[in-house]
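Contents: one structure, followed by commentary.
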Amino acid sequence: MSEGAATETTRPTETTPATVTLSFREAMRAAMTEAMERDERVFLMGEDVGAYGGCYAVSMGMLDRFGPERVRDTPLSETAFVGAGIGAAMAGMRPIVEVMTVNFSLLALDQILNTAATVLHMSGGQCNVPLVIRMATGAGRQLAAQHSHSLEGWYAHIPGLRILAPATVEDARGMLGPALADPDPVLIFENAALYAMKAEIADPVEVDIAQAAVRRQGRDVSLITYGGSLHKTLSAAETLAEQGIDAEVLDLRVLRPLDDAAINGTVRKTHHAVLVDEGWRSGSLAAEVSARIVEGAFFDLDAPPARVCSEEVPIPYAKHMEEAALPQPDKIVAAVKAVLGADGTEGGDG
Amino acid sequence: MSEGAATETTRPTETTPATVTLSFREAMRAAMTEAMERDERVFLMGEDVGAYGGCYAVSMGMLDRFGPERVRDTPLSETAFVGAGIGAAMAGMRPIVEVMTVNFSLLALDQILNTAATVLHMSGGQCNVPLVIRMATGAGRQLAAQHSHSLEGWYAHIPGLRILAPATVEDARGMLGPALADPDPVLIFENAALYAMKAEIADPVEVDIAQAAVRRQGRDVSLITYGGSLHKTLSAAETLAEQGIDAEVLDLRVLRPLDDAAINGTVRKTHHAVLVDEGWRSGSLAAEVSARIVEGAFFDLDAPPARVCSEEVPIPYAKHMEEAALPQPDKIVAAVKAVLGADGTEGGDG
Amino acid sequence: MSDTVPLPTREHAHRLLERMVRIRRFEEACAELYQATKIRGFLHLYIGEEAVATGVMEALEPRDAIVATYREHGHALLRGTSAESIMAEMYGKQEGCSRGRGGSMHLYDDERRFYGGNAIVGGGIPLAVGLGLAEKLRGPGEDGYPVSACFFGEGAMAEGAFHESMNLAALWDLPVLFACENNRYAMGTALERSQSETDLTLKASAYRMPAWSVDGMDVLAVERAAKAAVDAIRHGGGPHFLELRTYRFRAHSMFDPELYREKDEVERWKERDPIALFRARLEEAGLLGEDDLAAIEKAAAEEVGRAIEFAENGTWEPVEQLVRFVTSEPEVTA
Amino acid sequence: MSDTVPLPTREHAHRLLERMVRIRRFEEACAELYQATKIRGFLHLYIGEEAVATGVMEALEPRDAIVATYREHGHALLRGTSAESIMAEMYGKQEGCSRGRGGSMHLYDDERRFYGGNAIVGGGIPLAVGLGLAEKLRGPGEDGYPVSACFFGEGAMAEGAFHESMNLAALWDLPVLFACENNRYAMGTALERSQSETDLTLKASAYRMPAWSVDGMDVLAVERAAKAAVDAIRHGGGPHFLELRTYRFRAHSMFDPELYREKDEVERWKERDPIALFRARLEEAGLLGEDDLAAIEKAAAEEVGRAIEFAENGTWEPVEQLVRFVTSEPEVTA
Ligand SMILES: Cc1ncc(C[n+]2csc(CCOP(=O)(O)OP(=O)(O)O)c2C)c(N)n1
Ligand SMILES: Cc1ncc(C[n+]2csc(CCOP(=O)(O)OP(=O)(O)O)c2C)c(N)n1
Ligand SMILES: [Mg+2]
Ligand SMILES: [Mg+2]
């Protein structure tokens, strides 16, 4: 957590977009800082976002910059402060509500589903909710069963929400702006394993919040994933490449609404799909992607889409057990080989 | 709600199982009554289960029979009374907790996911939670966006839970017993549209809580569904039969763990599948079933499995709009025809 | 606040009476229309509780915001949402105030800052806190803060959402009025069976929030308390809590066999009918003639009549529009 | 309850001191082992708060049940769960008290009725209510009720779960002890910034629950209050609430740069170190010789040593067993 506090990147002027090297965490912070400087209506609210600097140090330093009204620490009251974000949004503000982690967001789920996502509809189009909710998600840090959920797939089930899953520093830097400009509620899931990841990016940077992105071109198989799993998937793709299998990697980026064109596009190209998702397998987002592939590109498939998800077990504390529970590059590689083997077209020496 | 209060069925002796005509509501009540008579540890707790008789009159009369300790009205405190059910179960009781409807269960979801479903695992197998949670689910009664959810698919995502969806009077009568005998938490989703449905059944009746059930044999297509949608699906099957299409109808009954053998079995037989699910389409339980079919029976399929789900909109109040939002027999019929048409094997005159 | 409130001017007295009568007649019509299956879904009537909304609403200005529950027809009506559009909503017609999407439990009127109509018990309370937070962040105008007024039942006070919201509002000193409609029952659950401490003002005190208990059958008492509270809130006094003691004369909803209370109890409370009480007091003071009453009744009946006619003549939204209003449309978001 | 509690017998005094020292040394070892990456995940230390668990545990019997938070090593240790199995748990070894599945935040010991180790703030409180409900339903034994004791931080009191649970326990008169470990911070959030009313006992009063505020740095005061409360609860007096005022000397977890409080403040509180205070008092009264102290420290050090050795020698659960304990196995369910 040491890196979180110190670094503050110089901000380039608008006319000469420069590149900067940022961590994912710094990119989120830069995006929030920019938004709050630009628009008085934007404020940040959540548990320990202020004096503590954010439980993952994302908002470190922002309290000093913007003061306690706009970088607002909340009590441990997820229902109330998420609901308050909804109300403030309806009254014209542009709140960024940080729910520390998706694990605690269950305590606010009623507000998110039954108010934020539905009020526009229930009011016959009158009352929109321009709210952004950010939360950390994912496992992999030995935090055990209650602190390791990947429930973004649940949120992607809810009509009325836009669900984002930045997996790159660029998306961490760029997604917040359009999310705040969206008239409707947007949830941003930040895989906690990514916060320390660094990259050189243009800053400011423009990204869309509608489309998936091909992160690696390939011909043999489509690996479809998002968030923290992107990097495991890219690493699997490298391994596969060494073995002569050319994998395309699609980063969904937007979990709702899903980018069907991109999903079906890559599958039509490679005729094989492996879906990688840190959620538990049954009822995972990967299941939805699988169903959509089959509905949209069945006759293009040479083999059934395979899923690499978390095992159906509460995430265990012990490191070796946790690793075994989660998607890993070797499992992805094995799944690809099985898929390619299934129709006899397997390439390379696998 | 009038029927709820009055009827009390005579109970046959164990040696001569008789048949009785019961409504779904009465069947649930008979099951609870039997369980409470047999086992002192069983008690019923929830909002308005006592003096009011249950918001759907399921427990009508039970307060008089068992008294306020064992038919326990709770304040509007879903987190606390569901959590209290978990604690009481861990301390050796066998609670039946009624959460009025799935809509309000979100307020208790943290307790269900982070405690009930995980404590056995987090304790390394020491502490099991023999708890039954019942709730009404489903739309179709013009109750609008906040009171019409079908979120059982979410619960089916959670390792550690068994999820039941009785769709027949027999299952309403028979599922509670084995659910209470299960050492782990079991959730029972009762589609509110079914409460008034009557049928003649054996009483007492033994049913399992592990397997799906074929409710109609057929050769041309497998219609896979559960809960309130079963009856719409059966009605669609009748319509299809008139048109020369012989549909098999599989009632999942158990949403977690899913009965893969039954799912793949019917698909291997008919080579076509249509999945009917009252949940919103994206991220529906039907997506999981689709993914499993493809994973388990891809090369047996003549066409991609199709889904008939709810439209991706908060359920509207107006009757015609609500009907349009939900799965209906005509949509099922149309989906079957599309699936059969997809591979050119469509039967009948459709 | 339990001494008798002096009578207001004749004009204001008539206004209050008229407003209560309008709610009563509207609700009675709803009950009939439910029997006639014109209105469907869940329907919760405010009959017996009219003095509460009437008194509190007197304290609110157009710039103030309101959040209510599923028992909110009267609140919307008094806020100025037309009876026509409310009734059309309950018919499910697209001329309804929520386009027929919401129904009885979800009346909305953005223009009048009427933010529902919430059917999750306690679910609207955090929302009201957020409306207040927005005002706090913007700072008070010359004339103080716009106030966010939240109505909820005493049953909602057992929910965690209530507790968290009270603390947040008090901690942050937000301009929020918490108006508890204590009608003694949450569905079939009497207050004594849902709260270990039945003096509800003590709960507010646990958050250091000023709290008054008021006779919710006395429209003048409600009005006085609400005005005092709203005045304080508006000028930086922070959130206030009002317990408005009332009673629901009808069933909880149209599905309720009312097994949980004695007829006698209902009858005793009916002796404290807020409309009858106020009317009697006005008559006694010579502030209400037979003509006045007839005029009030006539206006109320006409309003209901117009509303029904409007709803009957309303149109069904085309099914093709089903998936509208899931996300904002360009014109909405401009 | 703020007068000085008279000293107990020498034997009992030694017992209390020893128990506090055992926690302290165990926690210090944990901190080092975390630095050495033997322990991973989140680690929350109880250093500074030892008098709270020590005093409260004195009031509990084997038949009583305990629910604690992620800051629960000390509670488990005093309950009788072996230091070996606790340390092995934190190492992730299958000899751990939760088989390595739970880690630091999820210590369990069913045999001793120690029901976790809960990492959702406030999440254990409803559970404790349910444990109490089971006893209420079964009725008191000859010797009264088994008591369900729930530990939680003052930060948890802002959660809806706390509020709902307090009401339920009070309404139903359940044998539950609510033990609030008020260490003044919830991560980086000071009590004043999380509660509008910082007198926490007033919150309990809003549920009609007896509530006492106790110096949580004075083990005798804690013990006396806990015994009085547990005695009352056990014999049908219903739930009680204790606010135990203490302070966390270390960071919230191992990831906390402690930007939210002054070093000075921490130093001032360290002057009230519960172990040092008690030791000084015993020494002054001639109840503690140098040998006694050395023996206590030696025993504690040995316990820690044994625990580390056990954990080091522990074994990894085979990965093949990954999906065990998701549902009960036949032998578990017999
Ligand atoms: C969270 C939640 N739980 C349960 C219900 C079902 N329900 C609807 S109204 C009601 C009673 C509410 O009582 P109260 O808050 O006193 O309001 P009143 O109806 O008396 O005006 C209940 C239990 C609900 N709508 N929401
Ligand atoms: C519901 C929930 N929200 C947030 C967190 C993150 N978190 C863990 S501990 C903690 C502070 C809790 O403070 P307190 O209850 O006072 O206990 P203490 O740590 O001081 O012992 C927070 C915010 C959590 N674990 N659960
Ligand atoms: Mg009420
Ligand atoms: Mg604390």
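Chain identifiers are assigned alphabetically (A, B, ...) following the order of the sequence lines, protein sequences preceding nucleic acid strands; residue numbering begins at 1 within each chain.
- Remark: aromatic rings of D:His163 and D:Tyr207 are close, center separation under 6.0 Å.
- Using a 4.5 Å cut-off between heavy atoms, B:Thr118 does not touch chain D at all.
- For the residue pair B:Asn114/B:Asp110, the side-chain donor-acceptor check at 3.5 Å is satisfied.
- Among residue pairs with one or both ends in residues 59-81 of chain B, none qualify as ring-ring contact (aromatic ring centres under 6.0 Å, His included); sequence neighbours excluded.
- Interface remark: B:Thr115 contributes side-chain atoms only to the contact with chain D (heavy atom separation under 4.5 Å).
- Only the side chain of B:Gln111 comes within less than 4.5 Å of a heavy atom of chain D; its backbone N, CA, C and O stay farther away.
- If you measure heavy-atom distances from D:Leu174 to chain B, you find no contacts under 4.5 Å at all.
- At a heavy-atom separation below 4.5 angstrom, chain B is approached by no residue within residues 61-86 of chain D.
- Contacts between B:Arg72 and chain D at a heavy-atom distance below 4.5 Å involve the side chain alone, from C-beta outward.
- The choice from B:Glu78, B:Met45, B:His121, B:Arg162 that makes the most heavy-atom pairs within less than 4.5 Å of chain D is B:His121.
- Between B:Tyr155 and B:Phe189, the angle of the ring planes lies from 30° to 60°, which puts this pair in the tilted group.
- Using a 4.5 Å cut-off between heavy atoms, D:Leu168 touches chain B through its side chain atoms alone.
- Neither the backbone nor the side chain of B:Glu40 comes within contact range of chain D, judged by heavy atoms closer than 4.5 Å.
- In plain terms, the two heavy atoms of D:Leu177 and D:Ala229 that are nearest each other are CD1-CB, 3.9 Å.
- No close placement of the B:Phe104 and B:His149 rings is indicated, their centers lying 6.0 Å or farther apart.
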